[in-house]
Amino acid sequence: MSTEGKIALFDIDNTLAYYEDKLNKDLAKLKSPEEPDIDIHSNNVPEYLKERSELIRTVPGWWSTLPVIEHMKHLLIECLLMGYDTNVLTKGPIEKYHAWTEKIQWCRENLPNTVTPIIVGGKESKGLVYGKVLADDWPGYVKAWLKYRPRGLALVPSMYYNQELNTHPNVFMVTPNNVHAAKHALEIAYERKDGEPLDISKLK
C-alpha cells in the first residue's frame with residue numbers, strides 16, 4: 001500500500017518527554033516551606049511563579065535533557081515500522097529561540113534520525129498541519145487539529161488535565177498499560193481509505 005499522505009505527528013512536551021514532571025521538580029527546589037502547591041495549568045498562577053518557571057526554562061540544556069516517555073516513544077517507533085511518514089510537531093516558545101534549537105537536539109539524541117522535527121511558533125496552530133495521526137497531550141491543540149481532520153486519529157497521553165477528550169470518538173487515551181491497543185488504533189488509521197470514517201470504538 002502507498003504511504004503517500006500517511007503522516008504521523010508527535011508532540012514533545014508531555015507527549016514524548018516529561019515536561020511537567022521536570023518543571024515541577026525544578027520549581028520544588030526553589031520553593032519556600034510556606035509556599036502553597038499550585039497547579040501550573042490553572043488560570044490563577046501567580047506572576048512570581050510564572051517568572052520562576054520562565055527562569056528555569058532559560059537554563060542552557062533544560063529542553064534538551066527532558067526525560068523520555070518510553071511508552072510514547074515506542075508508539076512513535078511503531079509508526080515508523082508501519083510505514084508512516086513520522087514527524088515531531090512541537091511548539092517553540094516565542095522569543096526563546098534557544099528552546100527551538102534544544103528541541104531539535106532532543107529529537108536527534110532520543111529519536112531515530114528518520115524523524116523530522118517541525119517547530120511552529122507561539123501563535124501558529126497545529127490544526128493547520130496535515131496528518132493521519134496526531135499524538136499530543138494538550139486539549140486545545142487536539143481539538144483544533146480534529147476540527148480540520150475529522151477522520152484523523154488523536155493519540156492522547158492520559159493526563160489529569162485532558163480527560164475531557166476521552167469522550168471524543170477519534171481520541172485514544174494512551175497509558176503505559178494499553179500501548180498494544182494504541183498500536184491497533186494506529187493500524188486502523190493507517191489502513192483507513194480516504195473518505196472512510198475512523199472507527200476505534202472497539203479498542204476503547
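In this text the structure is predicted, and so the values were computed from the model without any measurement.
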Let me see the working for Asp13 and Lys103 under salt bridge (charged side-chain N to carboxylate O under 4.0 Å, His left out), right down to the final yes or no.
CA-CA 10 Å; Asp13 306 337; Lys103 284 191 170 195; 2.9 Å; yes

side-chain contact (heavy atoms from CB on, under 4.5 Å) evaluation trace for Val179 with Leu75:
CA-CA 7 Å; Val179 174; Leu75 289 175; 3.7 Å; yes

Does the side-chain contact (heavy atoms from CB on, under 4.5 Å) test come out yes or no for Leu198 and Ile188, once each step is laid out?
CA-CA 8 Å; Leu198 178 76; Ile188 290 171; 3.9 Å; yes

Show the numbers, then the answer: is there a side-chain contact (heavy atoms from CB on, under 4.5 Å) between Tyr84 and Val133?
CA-CA 9 Å; Tyr84 279 102; Val133 175; 3.7 Å; yes

Passes side-chain contact (heavy atoms from CB on, under 4.5 Å), Ser158 versus Asn166? Steps please.
CA-CA 9 Å; Ser158 183; Asn166 198 28; over 6 Å; no

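With contacts defined as side-chain heavy-atom distances shorter than 4.5 Å, the pair Tyr190/Lys132 does not qualify. Contact of the Arg57 side chain with the Tyr19 side chain is registered, since non-hydrogen atoms from C-beta on lie closer than 4.5 Å. Side-chain contact check for Thr86 versus Thr114: every heavy-atom pair is 4.5 Å or farther apart. With a 4.5 Å cut-off on side-chain heavy atoms, His98 and Pro60 do not count as touching. For the pair Ile12 and Cys107, the minimum side-chain heavy-atom distance is below 4.5 Å. A heavy-atom distance below 4.5 Å is not found between the side chains of Asp21 and Pro67.
Scanning all heavy atoms of the two residues, the minimum distance from Leu186 to Met82 falls at CB-CE, 3.7 Å. Here the shortest heavy-atom pairing between Asn162 and Met173 reads OD1-CE, 3.3 Å. Considering every non-hydrogen atom in both Ile7 and Leu9, the closest pair reads CG2-CD2, 3.8 Å. Nearest approach of Trp62 to Asp26, heavy atoms of both residues: NE1-OD2, 2.7 Å. Between Pro157 and Met72, the shortest heavy-atom contact is CG-CE, 3.9 Å. Trp63 and Trp106 get closest at one heavy-atom pair: O-CD1, 3.7 Å.
Here the CG atom belonging to Asn178 is positioned 9.5 Å from the CG atom belonging to Leu203, to the nearest 0.5 angstrom. Expressed to the nearest 0.5 Å, how far CG of Asn110 lies from CD1 of Ile69 amounts to 11.5 Å. For the atom pair Asp85 CG and Tyr130 OH, the distance stands at 10.5 Å (nearest 0.5 Å). Once rounded to the nearest 0.5 Å, the distance linking CG of Leu165 with CG of Asn170 reads 11.5 Å. With rounding to the nearest 0.5 Å, the separation of CD1 in Ile200 from CZ in Arg192 is 11.5 Å. Atom OG1 of Thr90 sits about 9.0 Å away from atom CG of Leu16, to the nearest 0.5 Å.
Residue Lys25 qualifies as open at atom NZ: its count of foreign heavy atoms under 6.0 Å is 12 or below.
Residues passing the salt bridge (charged side-chain N to carboxylate O under 4.0 Å, His left out) test with Glu164, sequence neighbours excluded: Lys143.
Formation of a donor-acceptor pair under 3.5 Å by the Lys204 side chain with backbone atoms of Thr167 is not found in this model. The main-chain N or O of Thr15 is never found under 3.5 Å from a side-chain atom of Asp137 such that the two would form a donor-acceptor pair. A donor-acceptor contact shorter than 3.5 Å is absent between the side chain of Thr116 and the backbone of Asn87.
In this structure, Tyr161 and Trp138 have tilted ring planes: the angle between them lies in the 30° to 60° band.
Counting only residues at least two apart or on different chains, the salt bridge (Lys or Arg N to Asp or Glu O under 4.0 Å) pairs with a member in residues 58-82 are Glu78-Lys183.
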Could you pull out every donor-acceptor pair under 3.5 Å between side chains of residues 145-155 and any protein atom, sequence neighbours left out?
residue	atom	partner	partner atom	Å
Trp145	NE1	Val129	O	3.2

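Under the 4.5 Å side-chain heavy-atom criterion for ILVMFWY residues, no single connected hydrophobic cluster contains both Leu49 and Leu55.
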